[in-house]
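What follows is one structure encoded as structure tokens, with my remarks underneath.
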Number of protein chains: 2
Amino acid sequence: MSKSPNTLAMKEIESETTAVWVALNLAYRSVHREMEKALKEAGLPSLRWYDVLWELERSRDGMRPFELENGLLFEQSNLSRMLRRIVDEGLIEAFAYEGDGRGKVLRITAKGRRLRKRMWQIYGPQIESHFGKIVDANKAGKLVSILKPLIF
Amino acid sequence: MSKSPNTLAMKEIESETTAVWVALNLAYRSVHREMEKALKEAGLPSLRWYDVLWELERSRDGMRPFELENGLLFEQSNLSRMLRRIVDEGLIEAFAYEGDGRGKVLRITAKGRRLRKRMWQIYGPQIESHFGKIVDANKAGKLVSILKPLIF
DNA sequence: ATTAATTACATGAAAATACATCTATATGAA
DNA sequence: TTCATATAGATGTATTTTCATGTAATTAAT
């Protein structure tokens, strides 16, 4: 009998440790998919674009690509092209960074703010509908405190 | 002042509900990336291939593509091409399904079993290293029970 | 100051993915 | 049987992502 568990959809959990990973995996995929679907059905961009827009909206002075990369856990090359697309849509703008000729600063535009707001009208309720129960059951703090150490 | 939280990398949590989603998001991405990296560095295929191989290894009679699709939360078209690649590598085989001329049955090959085992030698320890502490802290059951309702 | 190493970002090419659509089989109703 | 609809899976096309590099600016060492 093999001791190896699968990642997903496992019926017989082979170890508690693996059970956590399987559950995390399925939960993330499941929720993520539904959120992307909801946004797409509303004719809006993906969650990744939202993350970038919101990150820039919160930072009054703008941010540099490598900061987004670190904060949002994007691949550098992926982010690079993604930013170009977002810039092409006029949602953010890139300016030269004074002090380091290699860098640039990204700032959200008025159009970008408007779009982010529209996205939030879909996205916010999605978060509520998926995680509302957990919060009601007062489990949120616990779950967050368990998940946090996994990051990085 | 906007009430909208971002998805990731949020410093000031705006609501418990969103905090859960942010933590889940970052935790999943972080862990998933490291696991994929470990497999790649060992010259092995991705986690998705592992999931398919293990799912087929566990089912003695083989499985049909749509069953994998449901269990592993893959896109149908994505799975279709992925299966062709795995078949091309000789890791699984496809047979006609008696009883429905449209369907086919997938079975793992000996080569597939060997590869899955090799992958587990990397993958298993990765799961342990990421989730071991959590389990040691005896929170595993709790975490799983909280995550489960999020699935589907 | 020269050289070497590092950092920030970009890009070509290959691979993966999504979406819509297509074929073939199956099922059910009239 | 015939027609409508549903289901299993494959594929064309467009887009996105990854991988390995490339370029340019900065920093550190000599």
Side-chain angles (χ1 to χ4, degrees), chain A residues 28-29 32-52 55-56 62-89 91-107, chain B residues 28-29 32-52 55-56 62-89 91-107:
Chain A
Y28 176 80
R29 282 199 206 179
H32 189 262
R33 267 177 22 149
E34 289 192 42
M35 289 188 172
E36 289 284 18
K37 192 179 160 200
L39 285 171
K40 180 156 291 181
E41 278 170 0
L44 295 166
S46 71
L47 289 179
R48 293 184 159 200
W49 282 38
Y50 183 90
D51 290 337
V52 169
E55 203 68 3
L56 292 178
M63 290 177 78
R64 293 175 60 185
F66 78 91
E67 296 179 291
L68 290 173
E69 185 190 337
N70 296 334
L72 304 177
L73 299 185
F74 290 152
E75 302 295 329
Q76 186 271 317
S77 62
N78 183 9
L79 177 63
S80 174
R81 292 185 210 264
M82 191 177 144
L83 289 175
R84 184 177 48 67
R85 284 174 229 132
I86 303 179
V87 168
D88 287 349
E89 294 291 326
L91 302 170
I92 66 177
E93 286 176 308
F95 301 92
Y97 176 66
E98 313 292 336
D100 189 333
R102 301 166 302 179
K104 63 182 180 181
V105 185
L106 304 164
R107 279 195 262 279
Chain B
Y28 174 81
R29 283 198 205 180
H32 189 262
R33 262 167 38 138
E34 288 192 42
M35 291 192 171
E36 290 284 17
K37 192 179 160 199
L39 286 171
K40 180 156 290 179
E41 278 169 1
L44 295 167
S46 71
L47 289 179
R48 294 185 158 201
W49 282 39
Y50 182 90
D51 290 337
V52 168
E55 201 69 2
L56 292 178
M63 290 176 78
R64 293 174 60 187
F66 77 91
E67 295 179 291
L68 289 173
E69 184 190 336
N70 296 334
L72 304 176
L73 298 185
F74 289 154
E75 302 294 330
Q76 186 271 321
S77 61
N78 182 8
L79 177 61
S80 174
R81 292 186 211 261
M82 190 176 145
L83 290 175
R84 184 174 48 65
R85 281 176 239 130
I86 303 179
V87 168
D88 287 349
E89 294 290 329
L91 303 170
I92 65 176
E93 285 176 307
F95 301 92
Y97 175 65
E98 313 291 336
D100 189 334
R102 302 166 302 181
K104 63 181 180 183
V105 184
L106 304 164
R107 280 195 261 278

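Residue A:R33 is classed as having no contact, given no heavy-atom separation below 4.0 Å to the nucleic acid. Residue contacts for A:K40: at a heavy-atom cut-off of 4.0 Å it reaches the sugar-phosphate backbone alone, with no base atom in range.
Residue B:F74 contributes atom CZ, which lies 18 Å from atom C1' of D:dA8 at whole-angstrom precision. Put simply, CG on B:D88 is 13 Å from P on C:dA15, counting in whole angstrom units. When rounded to the nearest whole Å, the span between CG of A:N78 and P of C:dA13 equals 19 Å. Separating the CZ atom of B:R84 from the C1' atom of C:dA16 is a distance of 11 Å, rounded to the nearest angstrom. Regarding A:H32, its NE2 atom lies at a distance of 14 Å from the P atom of C:dT17, rounded to whole Å. Rounded to whole angstrom, the span from the CD atom of B:E75 across to the P atom of D:dA10 amounts to 16 Å. If you take CZ of B:R48 and C1' of D:dT17, they are 12 Å apart, rounded to a whole angstrom. When rounded to the nearest whole Å, the span between CG of A:L79 and P of D:dT17 equals 11 Å.
Of the two residues near DNA chain D, A:W49 and A:G99, the one whose nearest nucleotide lies more 5' is A:W49.
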Could you go step by step and tell me if B:L83 and B:L68 meet the side-chain contact (heavy atoms from CB on, under 4.5 Å) rule?
-> CA-CA 10 Å; B:L83 290 175; B:L68 289 173; 4.1 Å; yes

After noting the C-alpha distance and the side-chain angles of A:E89 and A:W49, does the key distance pass the side-chain contact (heavy atoms from CB on, under 4.5 Å) rule?
-> CA-CA 11 Å; A:E89 294 291 326; A:W49 282 38; 3.7 Å; yes

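In this structure, A:R33 contributes its side chain and B:L73 its backbone to a donor-acceptor pair below 3.5 Å. Side-chain atoms of A:R48 never come within 3.5 Å of backbone atoms of A:M82 as a donor-acceptor pair (strictly under, hydrogens ignored). Not a single donor-acceptor pair under 3.5 Å links the side chain of A:R29 to the backbone N or O of B:F74.
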Each nucleotide of nucleotides 2-10 of chain C classed B (base within 4.0 Å of a protein heavy atom), S (only sugar-phosphate) or -, in 5' to 3' order, makes -----BSBB

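Taken from OG in A:S46 to NZ in A:K40, the straight-line distance is 8.5 Å, to the nearest 0.5 Å.
For B:R85 and C:dA16, the shortest distance from a side-chain N or O to OP1 or OP2 is below 4.0 Å.
The two residues A:A94 and A:L106 have their closest heavy-atom pair at CB-CD2, 3.9 Å.
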